[in-house]
Amino acid sequence: MSSWEESDAFKEAAVPLSQQAMGAPRGGSPYMDGLNPAQREAVETLQGPVLMLAGAGTGKTRALTARIVHLLRTGTARPNEILAVTFTNKAAREMKMRVGGMLGEMVEGMPWLGTFHSLCVKILRRHAELVGLKSNFTILDTDDQIRLLKQLIAAEGIDDKRWPARMLAGLIDAWKNRAWTPERVPAGDDAFNGKGQILYAAYQARLKTLNAADFGDLLLHVVTIFQEHPDVLDQYRRWFKYILVDEYQDTNVAQYLWLRLLAAEHKNICCVGDDDQSIYGWRGAEVGNILRFEKDFEGATVIKLEQNYRSTPHILGAASGVIAGNKTRLGKTLWTDRTDGDKVRLIGHWDGEEEARWIGEEIENYQHGTRGLDPISADSMAILVRASHQMRSFEDRFLTIGLPYRVIGGPRFYERLEIRDAMAYFRVAVSNDDGLAFERIVNTPKRGIGDKAQQTINTVARENGISLLEASRHLVEQGGLSAKARKELGILIDGFDRWSAAIRAGVDSHIEIAEVILEESGYVEYWQNDKTPEAPGRLENLKELVKALEQFENLQGFLEHVSLIMENETEDATEKVSIMTLHGAKGLEFPVVFLPGWEDGLFPSQRSMDESGQAGVEEERRLAYVGITRAEEQCTISFAANRRVYGSWQSSMPSRFIDELPPEHVEVLTPPGLYGGGSGYGASDMEEKVVNADAYNSPGWRRMAARTSARGLSQPSEAKGIVIDAQAVSTFTLGDRVHHKALGFGAVVGIEGDKLSIVFENGGAKKVVASFVTPADDVPF
DNA sequence: CGGCATTTATTTTTT
DNA sequence: ATAAATGCCG
């Protein structure tokens, strides 16, 4: 596992081996050792609703796992009576591992520890018939969903240019997040050209006939079942004596309802979260859920975890200062008993490339040991950006300087084109009537079965109420397609017949069968013949896919799990700097963190502000808080005055969040580029001057930004340099006699922003930053 | 039906 | 700038 994950909590949980070996220690509970009073209370308050408000780095996962162990060790609950919900598989896995570790070797499985979705699948498979599905329903991925919606939009006669399927998918998703079935969508909701509701209903009907559910359905169906079948709900209510929820601030309405329904009997629900880290409002998360907890669950105990074990006081102070700007929050005050540590560093750059260059150098400095720090591994460093397109400049730069990096949160393995194609083959081979999968691969690789042929197949299938594969078989036997299509389709059908037979026969291993399918279908060959640069990688991924099969009993089992699991872990040994989005960084921590791109419009994102106004700014601010609190030792915030955006140059003002950083926790740096290529003399003077002038807080930057944008910055290379002290510019005019500490007297022959071209009396000519020279008259002799 | 040209969008992302 | 996604023509 990666070294950066909550390593402190592990350290603290360390229990002497002797005690571990003794199993349950007399009088003691090792899982309680080292817990602070608040954590202890959170672990021991087992009865009734509990809200654990856990700030960043306060050891919440530790408290949560200790709570589970406490429930088990005290005999309060058996493992299968505990419902523990997380958002990601990763979090679920980690919790399972930790509970197992704390319990010692008797790792009794926790059958109901998982993500909302995986738990819902489990429940839904048992009661599928109550919502018109069979228990072997398939789970659609986004691609399937879009393809289906496209058909429905076309059937409805809507122009899919103006009303794209993606948009409808988003809309339906949002409705499902709110637990709205088609009937519950408010009448008069004229979304999607007024057809939203109709299309939603049609989509749901179609899913039913396909015996399929999308991700939103998993929750929605279970909530529906709970609401309409009290007997079923009752069964689960009684079953789950204790409920635990992680990241409660990220729950949406459907998840909230699901929890409320289940918790109503025993009322032993413990929700853990941090309202200040709610950053998923845009995909349906309701901060309101956590803000309302005490009202929703009467008699709730609220426990605040405020002691931070992760970051230095300065980092904590900076984060607290920023988040204090939010109005809608429950309010926590993080503190630490640490006293050491550097201030958060702030630096402005001319443009995005310079920012990347500077950060690259800083990373190398850290690696070699700088400013009295020990050398730091690249693994311990991360660059957290607001939007993924910001990653590019860093990748470019790191490639040229040969700095190893890893990008976290790219396209996930199982979402890749070739993997989905391959899995579609497996799906059809496993169940011949999987129409969506068949559609996906019927002409991949190209078989000359185009739109027209596919339409014919569809029609025949629908008219006769048979699967697409059967319809194809029919067409091949009876004719009705072009000769070429018939021939190719026939080959494909023969293939599926063989593969399906092989699966049923159970003689060959599923791995062999998978290889045969990929080979005989021509899919491997298809990529071998492809000469795009991605092709080799795709073949590599296919090999990896086959390898992943080893962990499963059979193809069915594999397909079953894969739709819910999005693995991404291909760790290799090289030490690498991590580049990821702020969203992707939630829950992680790094000794050294860089936060680039703090410019208004980029961060906070213009779009967020336009769409959600003040609430949008607040969510962005929480994002800033999440970013800063990822840092353990070193945190560097930066911004660029100019940035390439969609091809053209754009200048921007420093982020409003920068002005919200408490100055006492910040050290303002001056980029080396400022010295105009001249000598390093005076650098420290300069720095001091800037710090004292509180430059980032002064209007200097604003003026600079205003001036440069007024001038229309189209050729930034023309005048590289940054105005820190705007006063300096107006001080000089052409011809002025000036004095420079190191270079002596000279005359100003040119002015470019804050940089002066000076011909010195000692013969040299140089460009110098204005603040390095003084008017000659002022020089005392 | 497939390949090349033109068009268009472009925050954040899990399940 | 750039990539992905359509549209048109052979």
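Heavy-atom basis, side chains included; hydrogens, waters and symmetry copies ignored. Naming: A, B, ... by sequence-line order, numbering from 1 per chain.
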Listing, residues 211-219 of chain A side-chain donor-acceptor contacts under 3.5 Å, not counting sequence neighbours, or none:
| from | atom 1 | to | atom 2 | distance (Å) |
| --- | --- | --- | --- | --- |
| A/Asn211 | OD1 | A/Lys134 | N | 2.9 |
| A/Asn211 | ND2 | A/Asn136 | OD1 | 2.9 |
| A/Asp214 | OD1 | A/Lys176 | NZ | 3.1 |
| A/Asp214 | OD1 | A/Gly216 | N | 3.1 |
| A/Asp214 | OD1 | A/Asp217 | N | 2.8 |
| A/Asp214 | OD2 | A/Lys176 | NZ | 2.7 |
| A/Asp214 | OD2 | A/Tyr203 | OH | 2.8 |
| A/Asp217 | OD1 | A/Lys176 | NZ | 2.8 |
| A/Asp217 | OD1 | A/Gln204 | NE2 | 3.1 |
| A/Asp217 | OD2 | A/Lys176 | NZ | 3.3 |
| A/Asp217 | OD2 | A/Asp214 | N | 3.2 |

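Under the rule for a salt bridge (charged side-chain N to carboxylate O under 4.0 Å, His left out), the partners of A/Arg329 that lie at least two apart in sequence or sit in another chain are A/Asp276. A search for salt bridge (charged side-chain N to carboxylate O under 4.0 Å, His left out) contacts involving A/Arg427 returns A/Asp144, A/Asp434, not counting sequence neighbours. Not counting sequence neighbours, the partners of A/Glu247 by the salt bridge (charged side-chain N to carboxylate O under 4.0 Å, His left out) test are A/Lys60, A/Lys586.
In this structure, A/Leu218 reaches neither bases nor backbone, as no heavy-atom distance under 4.0 Å exists between it and the strands shown.
Residue A/Asn89 has a polar side-chain atom (N or O) positioned under 4.0 Å from OP1 or OP2 of B/dT15. Put simply, A/Thr581 has a side-chain N or O that comes within less than 4.0 Å of OP1 or OP2 on B/dT13.
Stem analysis of DNA chain B (Watson-Crick or G-U pairs, both distances under 3.5 Å, runs of at least three) returns B:1-10 with C:1-10.
A/Val430 has its side chain out of reach of A/Phe558: every pair of non-hydrogen atoms, C-beta onward, lies at least 4.5 Å apart.
Aromatic pair A/Trp258/A/Tyr256: ring centres not closer than 6.0 Å. Side-chain rings of A/His127 and A/Tyr236 approach one another, their centers coming within less than 6.0 Å.
Taking a heavy-atom distance under 4.0 Å as the criterion, the stretch of DNA chain C touched by chain A extends 5' to 3' from C/dA1 to C/dG7.
Put simply, A/Phe87 does not rest on the base of B/dT14: the two rings are not both less than 5.5 Å apart at their centres and under 30° in tilt.
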